[in-house]
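See structure below.
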Amino acid sequence: MPKKLHLNAFTQLCPTPQSEGQWKHPLDRSSFGYRDVGYWVDVARTLERGGFDALFFADIHGTYDVYAGSRDAAVRHAVQIPDHDPTMLVPALAHATRNLGFACTYSTTYHPPYHTAKVFSTLDHLTGGRIAWNIVTSYLRDAYDNLGLGEPLPHDERYDKADEYMEVVYKLWEHSWEEDAVVLDIARDIHTDPRKVHQIDHQGRHYSVRGPHLCEPSPQRTPLLFQAGQSGRGVEFAARHAEVLFMVAPSIPVCRRQIEEAHAAMRRQGRDPAHVKVLVSMGILTGVDDAEAQAKAAYCRSLASAEGGFALFGGWTGIDLSSYAPDQRIVDTTSDGMQYLASYFTSVDPERDWTIADIADFLALASVTHNIVGGPATVADELERWIDEAGIDGISLLPIYSPGCYTDFVDLVVPELRRRGRLHDQPGGTTLRERYFGAGHARLASDHPAHRTLPPWKMAATPEANAAE
């Protein structure tokens with residue numbers, strides 16, 4: 001039986017989030033739609049019709065101001081600004097759909113863990129267990145300034161702090177409320193049994209959180225956990241915490257190597273790699289045939305903003321490309337931003353002397369994301385290669401323009417993938433975690449680190465503890 005493909009749709013509450021310049025496309029509705037609930041309801045229903053598992057919202061809390069030492073280019077070309085908060089939108093989309101899940105980016109740097117735990121428990125309740133948290137540590141300097149956070153921590157230290165952050169939220173989600181704490185006992189006038197609601201009393205290097213959690217256990221307790229760390233420290237963090245791991249990979253061999261490295265890191269953390277799904281980011285332009293798809297791509301390239309692409313790239317990597325001539329070769333550069341992307345172009349084609357003009361062309365459609373352009377059969381052929389040769393579990397579809405790229409994929413490519421037996425026919429269970437791991441798996445797997453430190457009330461409930469007594 002062929003391996004099934006998980007489908008995730010990437011977006012952001014802003015115009016054309018990673019295809020700079022496509023807001024000018026006559027079929028792009030995102031410039032106005034990003035602030036319209038009706039637009040997002042249409043997108044969500046289209047994705048649900050296409051069998052997508054989730055609609056994933058990226059988010060930021062600062063501006064991209066590295067290019068030319070200013071945010072002007074980012075503002076001029078709508079590089080993730082204007083930008084709204086996706087957590088406000090999710091309940092409306094959940095109400096308009098039955099099976100589609102939703103993932104929101106939330107930063108361990110910007111939001112206290114006690115607050116994050118409440119937000120995602122609330123969303124898990126309101127969506128009926130269809131919420132995921134994309135864990136990021138964040139790096140934009142002006143976000144630190146705007147939020148009064150002082151000097152940004154070095155890259156690896158952000159992850160060190162985030163590890164303790166995760167310990168706190170796990171305690172709140174998994175160890176504060178017993179499953180049957182809410183009793184609704186009218187005769188005794190007891191809504192919730194206070195003996196079954198516990199403080200977590202966390203005292204650590206970075207956080208002191210007493211608790212208890214304010215929310216009763218939600219359908220998933222802990223939201224499905226997304227993460228996209230691809231630096232050395234980021235991979236270790238993802239291997240410890242993630243259930244859905246996002247990757248950016250330029251080719252099948254590179255992707256296969258990255259997956260092997262991620263699986264090795266998971267085993268070092270005592271986790272079964274089968275408990276983590278790997279999705280690779282894809283930009284896909286399709287049409288009724290290859291010729292139509294190529295024509296669409298050519299038109300989109302004519303609308304692309306090189307300056308906007310450089311502003312986005314600079315925000316991610318800390319590399320200011322404004323001082324380079326178009327024919328100048330890029331040199332290897334390290335940064336405290338998203339370190340993996342700094343060497344990305346070498347991995348795309350190690351034999352090529354990349355110039356600034358080459359990079360501008362490469363970034364034109366879906367930024368650093370791997371692109372597939374072709375008719376339904378061509379796209380399906382390429383996706384099957386990535387499934388079978390790279391070992392991916394699914395894709396995160398990044399639209400070049402919205403909502404047309406979603407609609408074209410659902411109307412043209414999804415039927416071809418279904419014909420080939422590559423898509424899941426029915427959702428597994430009712431929660432988002434079950435869509436990825438099957439019915440009956442609504443909660444974190446037993447080897448997840450959230451379960452490794454148990455509170456006294458849980459220890460007393462384990463068979464080992466009872467036997468010892």
Side-chain angles (χ1 to χ4, degrees), residues 8-47 50 52 55-65 67 70-90 92-93 96 102-105 140 142 281-287 293 295-316 360 363-369 371 373 396-411:
N8 178 85
F10 176 96
T11 192
Q12 190 169 338
L13 258 65
C14 68
T16 54
Q18 289 188 23
S19 291
E20 309 312 332
Q22 299 306 316
W23 62 269
K24 297 170 289 189
H25 198 296
L27 298 181
D28 184 87
R29 290 172 49 207
S30 67
S31 289
F32 301 97
Y34 85 94
R35 62 193 190 206
D36 176 17
V37 173
Y39 165 84
W40 289 110
V41 167
D42 289 345
V43 168
R45 287 175 171 166
T46 295
L47 296 173
F52 277 68
L55 175 58
F56 166 37
F57 291 99
D59 196 22
I60 60 173
H61 282 75
T63 57
Y64 294 121
D65 58 1
Y67 183 78
S70 166
R71 69 175 61 90
D72 288 356
V75 174
R76 183 160 46 246
H77 299 289
V79 181
Q80 298 183 17
I81 181 174
D83 176 66
H84 289 173
D85 185 342
T87 60
M88 307 293 183
L89 178 65
V90 166
L93 302 188
F102 305 93
C104 292
T105 296
L140 292 178
D142 72 337
S281 184
M282 293 272 188
I284 296 175
L285 277 171
T286 191
K296 288 181 178 181
Y299 181 67
C300 288
R301 286 188 177 280
S302 75
L303 300 175
S305 164
E307 188 180 56
F310 289 159
L312 181 64
F313 181 78
W316 283 344
L363 296 174
L365 304 182
S367 189
V368 296
T369 297
N371 290 323
V373 178
S396 184
L397 178 62
L398 199 160
I400 311 301
Y401 58 92
S402 298
C405 286
Y406 294 138
T407 305
D408 288 346
F409 186 89
V410 167
D411 290 342

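As the structure is a prediction and not an experimental result, all values here were calculated from the model.
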task: Please check if any side-chain donor atom of T369 sits under 3.5 Å from a side-chain acceptor atom of S281, or the reverse.
output: yes
- prompt: So do R71 and I81 actually touch side chain to side chain, heavy atoms under 4.5 Å?
  reply: no
query: Distance only, no hydrogens: is a donor on one side chain within 3.5 Å (strictly under) of an acceptor on the other, for T105 and D59?
result: no
- prompt: Are N371 and L285 close enough that some pair of their side-chain heavy atoms sits under 4.5 Å apart?
  reply: no
message: Does any part of the side chain of W316, heavy atoms only, come nearer than 4.5 Å to the side chain of Y64, both counted from C-beta?
response: yes
- prompt: Given the rule in the side chain to side chain contact (heavy atoms under 4.5 Å, CB included) test, do F56 and T11 qualify, once you have shown the distances and angles that lead to the verdict?
  reply: CA-CA 6 Å; F56 166 37; T11 192; over 6 Å; no
- request: Go through the side-chain N and O atoms of D142 and T63 and say whether any donor and acceptor fall under 3.5 Å apart.
  value: yes
task: Decide yes or no for P15 and P82: does some side-chain heavy atom of the first lie under 4.5 Å from some side-chain heavy atom of the second?
output: yes
query: Of V373, I284, L365, which meets side chain to side chain contact (heavy atoms under 4.5 Å, CB included) against I400?
result: L365
Less than 3.5 Å apart, which donor and acceptor atoms pair up between the side chains of residues 32-43 and the rest of the protein, not counting sequence neighbours?
residue : atom : partner : partner atom : Å
D36     : OD1  : G38     : N            : 3.0
W40     : NE1  : G33     : O            : 3.4
W40     : NE1  : Y34     : O            : 3.0

field: Closest heavy-atom pair and its distance - H77, S305
entry: ND1-OG, 3.1 Å
- prompt: So, do P26 and Y299 sit near enough that their side-chain heavy atoms are less than 4.5 Å apart?
  reply: yes
Heavy-atom side-chain proximity of E20 to L363 below 4.5 angstrom: no
statement: Heavy-atom nearest pair, P403 first then L27, reads CD-O, 4.3 Å
- prompt: Shortest non-hydrogen contact from Q22 to A364?
  reply: NE2-O, 4.5 Å
